[in-house]
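The structure appears right after this line, and notes come after that.
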Amino acid sequence: MAMVWVALLLSGIVCTSSQYIYSKDRCASNGETMMQIRDLVIQQGRIQESVDSLRRMVKKLEEDVTKTHENARIVRKELNIYKDCKDFHIRGNTESGVYKIHPFGNNSKIRVFCDMLTEGGGWTAIQKRVSGSVSFDRNWTDYKTGFGNPNDSYWIGNDVIHQLTKRRNSSLFVSITLTNGKKLYELYNQFSVADETNNYRLFLGGPATGTLGDSMLHTGYPYYYDLSGMYFSTSDRDNDGWSFGNCAAVSTRRGGWWFNECHRAFLNGQWFPGSWIKPWYPTVTKSKKIKETLIMIKPT
């Protein structure tokens, strides 16, 4: 481009300073040539601008295609993520057992027990106890992150419970199997747990139906035994409604739970040969009668 403009400039000098050499006709001809060259230069500039614009458009299209492919990859990956046991059940898994779920998305994976048979299946166990091999007398951090083995006895973790229930209503299913083989249960239609900043506050709603009886929501006793609205407490974090101590630290309880003052339902006490009071009063009055417990949730 610069060379063209130099040529134009030199041509103009020749016609103006060398008039004794070139005739007027010749200079006029040179002038027309200069105009043509100038028009060509202008046209070339416009073509270059169009080319640059097309390059920008192509680059933008390439970026859009890359972004579309990335979004499609994320969607495909999300479709293969099972956030709870119900996701497995929907996709045809009908055998109860231990599965790996992603409650927090792609970057997490935890093992849980899934019940695929009870009440239509798809239940995620947040608590399971079948022996005394796992102590439930744990501190706040243990209950926050979870502990134990879903093949045997475990607590899923309060952060996970919150994650599974924070954006959708869930049902709560509680079952107690007695040492004589009898299995009792209670089903609550509304269940969710707040986050840690709200001390994992429990929100529980009815109706409650089953063979255990409602010992969590409407206990038939004074309000200070109802557990809905209660904060979670552990031996090192007292959030209960009892003014005279910490329910979770009393020797006849010793376990994390949503205590009021203190409870008529509590399933995280000391397992046999230890014991705790009122596991599910008045239906189950002694913990030594309990063979297994299972607390499960499922989105509705």
Side-chain angles (χ1 to χ4, degrees), residues 85-86 89 95-98 112-134 136 148 150-156 161 165 170-193 202-222 225-228 230 247 252-260 262-300:
C85 295
K86 185 175 181 180
H89 191 265
E95 184 176 349
S96 297
V98 176
V112 299
F113 179 80
C114 296
D115 184 322
M116 301 303 192
L117 300 174
T118 302
E119 294 286 329
W123 294 91
T124 302
I126 63 174
Q127 187 252 39
K128 181 185 177 194
R129 303 186 78 178
V130 298
S131 71
S133 62
V134 176
F136 277 61
N151 280 307
D152 181 59
S153 302
Y154 81 112
W155 183 262
I156 197 173
I161 300 174
T165 62
S170 296
S171 296
L172 176 72
F173 188 92
V174 180
S175 72
I176 297 176
T177 302
L178 303 178
T179 52
N180 63 9
K182 186 176 182 179
K183 187 172 183 178
L184 306 169
Y185 76 93
E186 196 71 14
L187 175 64
Y188 295 86
N189 282 358
Q190 299 176 53
F191 171 84
S192 65
V193 170
L202 172 67
F203 297 95
L204 191 64
T209 57
T211 54
L212 269 173
D214 178 13
S215 295
M216 295 181 72
L217 187 57
H218 302 296
T219 63
Y221 293 88
Y225 292 130
D226 297 347
L227 302 185
S228 184
M230 294 298 103
C247 296
T252 51
R253 298 181 183 92
R254 302 294 301 181
W257 196 252
W258 297 277
F259 292 109
N260 194 332
C262 287
H263 67 88
R264 284 293 184 268
F266 168 53
L267 298 182
N268 287 346
Q270 299 178 72
W271 203 260
F272 184 83
S275 65
W276 74 94
I277 62 172
K278 301 173 183 176
W280 204 275
Y281 191 85
T283 308
V284 183
T285 58
K286 297 180 180 179
S287 64
K288 291 183 178 180
K289 293 183 177 181
I290 297 176
K291 179 182 179 182
E292 297 178 8
T293 68
L294 195 59
I295 306 175
M296 308 185 295
I297 60 174
K298 180 170 67 172
T300 56

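What you see is a predicted model, and the numbers here were worked out from it, not measured in a lab.
- Considering CG of Leu184 and CG of Leu212, their distance stands at 5.0 Å, rounded to 0.5 Å.
- Two residues are said to be in side-chain contact when any heavy atoms from C-beta on lie closer than 4.5 Å; Phe173 and Tyr188 fail this criterion.
- Minimum interatomic distance between Leu202 and Trp258 (heavy atoms only, all atoms of both residues): CB-CD1, 3.5 Å.
- Looking at Lys86, its side chain does come within 3.5 Å of a backbone N or O of Pro299 through a donor-acceptor pair.
- A donor and an acceptor atom, one from each side chain of Ser131 and Asp152, are located under 3.5 Å apart.
- For the pair Met216/Trp280, a side-chain contact is recorded, criterion being any heavy-atom separation below 4.5 Å from C-beta on.
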Take Phe191 and Thr300 through the test side-chain contact (heavy atoms from CB on, under 4.5 Å) and record every step on the way to the result. CA-CA 10 Å; Phe191 171 84; Thr300 56; over 6 Å; no
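- Here the side chains of Ile176 and Leu267 are in contact, with some heavy-atom distance below 4.5 Å.
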Is there a side-chain contact (heavy atoms from CB on, under 4.5 Å) between Ser175 and Lys183? Walk through the geometry before answering. CA-CA 7 Å; Ser175 72; Lys183 187 172 183 178; 3.9 Å; yes
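- Judged by distance alone, the side chain of Ser215 and the main-chain N or O of Tyr281 form a donor-acceptor pair under 3.5 Å.
- Thr177 contributes no side-chain N or O that, together with a main-chain N or O of Lys291, makes up a donor-acceptor pair within less than 3.5 Å.
- With contacts defined as side-chain heavy-atom distances shorter than 4.5 Å, the pair Trp123/Leu117 does not qualify.
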For Tyr225 and Asn260: C-alpha separation, side-chain torsions, deciding distance, then whether side-chain contact (heavy atoms from CB on, under 4.5 Å) applies. CA-CA 6 Å; Tyr225 292 130; Asn260 194 332; 5.9 Å; no
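- Atom OG in Ser287 sits 10.0 Å away from atom CD1 in Ile277 (nearest 0.5 Å).
- In this structure, the side chain of Ser228 engages the main chain of Leu204 through a donor-acceptor pair within 3.5 Å.
- For the pair Trp257 (side chain) and Ala265 (backbone), a donor-acceptor distance under 3.5 Å is present.
- Here Ile295 contributes atom CD1 and Ile126 contributes atom CD1; the two are 5.5 Å apart, rounded to the nearest 0.5 Å.
- No cation-pi contact links Arg253 to Phe266, judged by a cut-off of 6.0 Å to the six-membered ring centre and 45° from its axis.
- Side chains of Cys85 and Asp115 form no contact here, defined as non-hydrogen atoms less than 4.5 Å apart.
- Between the side chain of Asn268 and the main chain of Gly255, no donor-acceptor pair closer than 3.5 Å is present.
- A donor-acceptor contact shorter than 3.5 Å links the side chain of Ser153 to the backbone of Val130.
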The test is side-chain contact (heavy atoms from CB on, under 4.5 Å); show your working for Leu294 and Met296 and say whether it passes. CA-CA 6 Å; Leu294 195 59; Met296 308 185 295; 3.4 Å; yes
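- Atom CD1 in Ile290 sits 7.5 Å away from atom CG in Leu178 (nearest 0.5 Å).
- Interatomic distance, NZ of Lys288 versus CH2 of Trp271, reported as 13.5 Å (0.5 Å rounding).
- Formation of a donor-acceptor pair under 3.5 Å by the Lys298 side chain with backbone atoms of Gly120 is not found in this model.
- At least one side-chain heavy atom of Tyr154 sits less than 4.5 Å from a side-chain heavy atom of Val112.
- When every heavy atom of Gln127 is checked against every heavy atom of Thr293, the shortest pair comes out as OE1-OG1, 2.9 Å.
- Remark: the backbone N or O of Met116 is paired with a side-chain donor or acceptor of Ser96 at under 3.5 angstrom.
- Across all non-hydrogen atoms, the minimal contact from Ser171 to Leu187 is CB-CD1, 4.2 Å.
- No donor-acceptor pair under 3.5 Å is formed between the side chain of Thr165 and the backbone N or O of Ser170.
- Atom-to-atom distance recorded for Phe136:CZ and Trp155:CH2 is 8.0 Å, nearest 0.5 angstrom.
- The minimum heavy-atom distance linking Asn180 with Lys182 is given by the pair OD1-N, 2.9 Å.
- When side chains are defined from C-beta on, Glu186 counts as touching Asp214, because their heavy atoms get closer than 4.5 Å.
- Side-chain contact between Ile156 and Thr124 is present, with at least one heavy-atom pair separated by less than 4.5 Å.
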